[in-house]
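Report on the following structure.
Computed from a prediction, not measured in an experiment: that's the story for all the values here.
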Amino acid sequence: MHDEPIPFQRVPHRTQFFLLRHGESEGNRRRMIQGHVDMPLTDVGRDHARAAGKYFSRGGLDHILSSPLSRARETAEIVASSLANGSGQGPEPQISFLDCLKELDTGIFSGLTVSEIQEQFPEEWDAFTHRSWEAVPSAERLEELLARAAETWEAMIQAAEGGARNVLAVSHGGMIQWLFKLTFSDRWSSWLPVTRTGNCGIYQLVVTPVPGDLSPEGPGFYAEWLKVNHLPYQR
C-alpha cells in the first residue's frame, strides 16, 4: 500500500495541475465496462474534447501527460491541437503517454455492458455493489492503483520542477478517483466515497509554495482544489 504523502513541497512555483477524463467513447455510449479494452471516441466525445481544448486555450498548457488508450490519446491530441490552433500562445504542446494513467483493469467485467454483467455474473455484480472492484475477480487491486496514482503525481511534479506551470493529465474515470483521493491522504483502504467524473470532466488543483519557508519540516505549500468535475461543454 502506498504510504507516503504526495511531495507537493517540491513544487518550485505556483502551478496549476489539471486532470481530465476522456470524451465520450463508444464503450461509454454502449454502457460498457471498458477497463483496458481500447474503445475510440464517438463524435460526441470529440466535441467534448474540443470544448476542453477551448477551455484550456484561455490559459495555455505547458505539459500534457496522457493514458495511451485511444479514447484518452485522441482526447489529449484534440486538446493539444486546439491549443495550437486557437490560443496563439505558441506551438502545439507535446504529449507524453504513460501507462500509469491507464484505466483500472476491470477484470472479468471488461468489455461487457452492465446488463450483460448482471446476467452472466449475478453474484459478482452483487458483491461489486458492496465492495466495488475489490470484489471483482482479476480486477486491479487498490495497492497497484495507489502506486500508479503516486507515479502519475511524481511525473506531474517533475514537469513543474522542469519549469511547467500548467500541467494536464488525461486519464479515465476510475483512475481519476485515485489521483484525486491521494491528494487528501496517504492511506486508503476502500473505494468509497467516490466522486462523479463526467466525460471531459476537469479537475484543477493549484499548488502554491510558501515563500521563504525555512522550517525544519521542509518547505510549506498551499494546495487548493478549484474545480472538481467541471464540464466545459455545459453552461
Side-chain donor or acceptor of [X] paired with backbone N/O of [Y] under 3.5 Å:
X    : Y    : value
S70  : M39  : yes
S81  : I78  : no
W188 : K181 : yes
S82  : A80  : no
R165 : G163 : no
H130 : A135 : no

salt_bridge(R29, E24) N-O dist < 4.0 Å: no
NZ/NE/NH1/NH2 to OD/OE distance under 4.0 Å, E103 and R21: no
Among side-chain atoms of [X] and [Y], is any donor-acceptor pair under 3.5 angstrom?
X    : Y    : value
W225 : T183 : yes
H36  : S110 : no
N229 : T197 : no
Q34  : S25  : yes

Within the 6.0 Å centroid threshold, strictly below: Y55 and H230: yes
Pair W178 + W191: ring centers closer than 6.0 Å: yes
Within 6.0 angstrom of Q118 CD, more than 12 heavy atoms from elsewhere: yes
Whether over 12 other heavy atoms sit under 6.0 Å from Q94 CD: no
Pairs meeting criterion ring-ring contact (aromatic ring centres under 6.0 Å, His included) with involvement of residues 59-85, two or more places apart: none
Any residue meeting salt bridge (charged side-chain N to carboxylate O under 4.0 Å, His left out) with R46, in chain and number order, not counting sequence neighbours: D43, E74
Shortest non-hydrogen contact from A76 toward V170: CB-CG2, 3.9 Å
Full working for side-chain contact (heavy atoms from CB on, under 4.5 Å) between F56 and N166: CA-CA 10 Å; F56 288 119; N166 298 282; over 6 Å; no
Nearest-0.5 Å distance, CG of residue L61 to CD of residue Q16: 9.0 Å
Separation of L65 CG from F17 CZ (nearest 0.5 Å): 10.0 Å
Parallel, tilted or perpendicular: rings of W125 and F128 (30°, 60°): tilted
